[in-house]
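Everything quoted here is computed from the prediction, not taken from an experiment. Protein chains get the first letters and strands the later ones, always in sequence-line order, with residue 1 at the start of each.
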Amino acid sequence: MADRSEVGARLETVLREERGRLTAALVRILRDWDLAEELVQEAAVAALEHWPADGIPLNPAAWLMTAARRKAVDRLRRHARYRERMHELTRRATEMDTPIATGGPMDADDRLRLLFTCCHPALNREAQVALTLRTIGGLETVAVARAFLVPEATIAQRLVRAKRKIRDASIPYRVPDPAELPARLAEVLRVLYLIFNEGYLASAGETPERRDLARDAEWLTSLVARLMPDEPEVLGLLSLMRIHLARSDARFAPDGSLILLPDQDRSRWDMGAVREATVLLARAGRMGRPGSYQLQAAILSSHAMSPSWSATPWTEIVPLYDALHRIEPTPVVGLNRALAIAERDGPEPALAELEPLSERLDSYHLYHAARAELLRRLDRPDEAREADRRALTLTDNPAERRLLEDRLR
Amino acid sequence: MKYMMLIASNEDAGTTKTEAESQEVYRRIFEWWDANEKAGRIVGGHELEPSSTATTVRVDASGNATVTDGPFAEGKEMVGGYAILEVADLDEALALASSWPASDALEIRPIVTRG
C-alpha cells in the first residue's frame, strides 16, 4: 500500500524526468505524436489507479513504459491499417522497456531524434520552444504558458499547429546526417539558450514557472550533452548556463532590483559549481573545435574565478572577446567587447569602438546605458544623462528601469 | 511523399542581367532539373511566363466570376515555375530546394493525397 498523495507526488517527479523518453520511444514506432502523448497520459492515469494498492514499483519509468505499450497495442488492434506497427510494438517490447531501466543507447537516440524534430527549422521559433519544453522537458502545457506569460490556449494552439505540420509535411524523426548536423545542432542550441535566457533574465518578482525556465534549459542541455558527448559547443553551452546559474543568487537585491556584476557579493556565488563548469569547458576545449558558446563560457569563467571585480583579468578577457567577435560579428558582441576594452585600456578607446555600432544599436537600451557609463567616466555628465534617458525609453524590464532611474537621480 | 515546390523570383532582378548571364542561369537550372528528374526526385513541373501575362479569375460565393489582369497578389517575388517532388520526407525536399542553382525563393508544400 502507498499513500495516495505520495503516489501523486512521486508520479509527478517521474513524469517530469521520463515523459520525454516515453513519448520519444512511442513516437518512433507509432509515428503519431498525439497518440504517443495520449498513451503516456493514459499510463499515468493507470499508475494513479494501481500504485496506491500495489505500491510504487521499483522502476516506475519501466512500469509506465509497459503500461503505455500495452495500451498502444489495445488501441492499434482495433485498426487494421496499424497492424504492422502493432507487430513492431510487440516485437520490440523487451527492447523498449529495458533501456528505460538502464538508460541504454536506443532510448538516447529516440530522445535526440525527437529533439531535432522539435527544433526543426521548418517550425517557427515559438513552436520549437513550446514543443521542446512540452515533449522533451515534460512540462505541462499550462506551465509552458505561465513561463511565457501567454494564455494556455495560445500554447495549446501552437502545439497543435506544430504537430500537425510535423505530420502533414512529413518532418522526419531523425538525427541529421553529419553534413547537416552542425547547422541543425546550432538550431537546437539556439532554442535551448533562448529558453534559458527567458528564465535567467526574468526578475525575482515574476512567476516561478518563468524563473524555472533557466533550470529547465540547463536540464535539457545536460541531456543533450549526455547524448552527444563529443560536441564541444553543447558542453560550452552547458558550462555557460551552469556558471550563470552559480551566480544567480547574487543577481537580485532583496527588493528585486538588479545587481550588476561589479557590485555582486561574490561570497554568494557557488564556487564549486563554477569550478565544475570550468572543468567541463576545458574538456570541450580539448576537442579543438572552438565556438561561440565555448568562448562566452570562457569569458564568464574568467569573471567568476576572479576574487573581486578589480582583480578581473581583462588582458585575458579582451582576446576572448576578439575571438568571439570574429566568429559572431554582431553589434551586441561588439558592444560587450568595447566594454572589456574600456576596462583594459580606458573609456576613450572603448567609446571609439562603440561609435561604428551607433546606427545598428540605436534602439538597444544597453548600448545607451553603456555609452552613458563611459561618458560619465570621461567627465561628460550632460551627454551621459542624455544617453541614460534614451536607454530608459527603450526598456520595459522593471529591474533595469529602476537601475537607470537611480542613475538619473 | 509528394511535395510541390513553387519557385518565386524577383522579376525586376531578371531585367538587369545581360543575355549571357541569363543564359548561364538557364543552363544551370536545366542541368539541375535533368539530373533530379533522372534520379526520380522531380516527377513534373514547368516554367511559367512572367506575371505580366497572368490573369486572375475570382469566383464569389454565389458563383459569379470576375476576371482581372495580373497575379493573385502583387509583390516582389512572383511565382515563375513549379516542380512536383517525390522524396522521402521534408528534409529531402528541403535539401533539394537548397541545391536550386539560382537566386530565388522556393516554397515547399505537401501535396494532399486522399484515399
Side-chain angles (χ1 to χ4, degrees), chain A residues 24 27-34 36 79-85 109-110 112-125 127-128 131-132 135 159-188 190-191, chain B residues 1-10 28-29 31-33 35-46 72-73 75-115:
Chain A
V27 162
R28 181 170 57 91
I29 292 178
L30 303 170
R31 300 188 188 289
D32 185 329
W33 202 300
D34 289 328
H79 299 282
R81 63 195 173 110
Y82 289 140
R83 194 153 292 151
E84 200 181 309
R85 286 178 207 171
D109 282 357
D110 276 347
L112 256 194
R113 277 189 202 118
L114 204 60
L115 179 61
F116 276 104
T117 308
C118 289
C119 299
H120 197 282
L123 300 171
N124 68 42
R125 188 68 87 210
Q128 293 176 332
L131 273 178
T132 302
T135 315
L159 289 167
V160 167
R161 275 202 200 127
K163 284 185 276 187
R164 196 178 294 152
K165 182 166 183 188
I166 290 169
R167 188 192 63 207
D168 294 345
S170 275
I171 295 179
Y173 303 106
R174 63 181 180 83
V175 174
D177 303 334
E180 298 166 74
L181 191 64
R184 291 288 305 279
L185 183 60
E187 187 85 0
V188 169
R190 261 195 294 277
V191 170
Chain B
M1 185 80 190
K2 275 197 170 68
Y3 298 87
M4 175 150 174
M5 181 174 88
L6 293 164
I7 304 150
S9 321
N10 183 342
R28 276 186 283 144
I29 290 173
E31 193 180 70
W32 180 93
W33 194 287
N36 283 301
E37 207 166 37
K38 282 204 185 80
R41 289 186 286 264
I42 292 179
V43 294
H46 289 283
F72 292 126
K76 252 192 187 162
E77 282 165 341
M78 286 295 164
V79 172
Y82 71 95
I84 306 296
L85 314 180
E86 177 72 69
V87 289
D89 53 39
L90 187 66
D91 278 359
E92 275 190 28
L94 296 179
L96 186 62
S98 305
S99 72
W100 177 253
S103 171
D104 290 309
L106 303 117
E107 180 179 324
I108 309 293
R109 292 267 285 270
I111 287 176
V112 175
T113 46
R114 301 196 198 277

Check your understanding: Atom CG of Asn36(B) and atom CD1 of Ile42(B): how far apart are they, to the nearest 0.5 Å?
Key -> 4.5 Å
Practice item. Taking the side chain as every heavy atom from C-beta outward, state whether Ile171(A) and Phe116(A) have any atom pair closer than 4.5 Å. Key: no
Point to revise | Heavy-atom check, side chain of Tyr82(B) versus side chain of His46(B), under 4.5 Å | key: yes
Check your understanding: Which bit of Leu94(B) comes within less than 4.5 Å of chain A, counting heavy atoms only: side chain, backbone, both or neither?
Key -> side chain
Short donor-acceptor separations (under 3.5 Å), chain B to chain A:
residue: Tyr3(B); atom: OH; partner: Ala169(A); partner atom: O; Å: 2.6
residue: Leu90(B); atom: N; partner: Ser170(A); partner atom: O; Å: 2.8
residue: Asp91(B); atom: OD1; partner: His120(A); partner atom: NE2; Å: 2.5
residue: Asp91(B); atom: OD2; partner: Arg174(A); partner atom: NH2; Å: 3.0

Point to revise | Approximate separation, where rounding is to 0.5 Å, of Asp104(B) CG and Ile29(B) CD1 | key: 6.5 Å
Revision key, fill the gap. What one should report as the nearest heavy-atom pair of Trp33(B) and Gly44(B) is CZ2-O, 3.9 Å
Exercise for review: Check the pair Ile166(A) / Leu123(A) against side chain to side chain contact (heavy atoms under 4.5 Å, CB included), numbers first and verdict last.
Suggested key: CA-CA 8 Å; Ile166(A) 290 169; Leu123(A) 300 171; 4.2 Å; yes
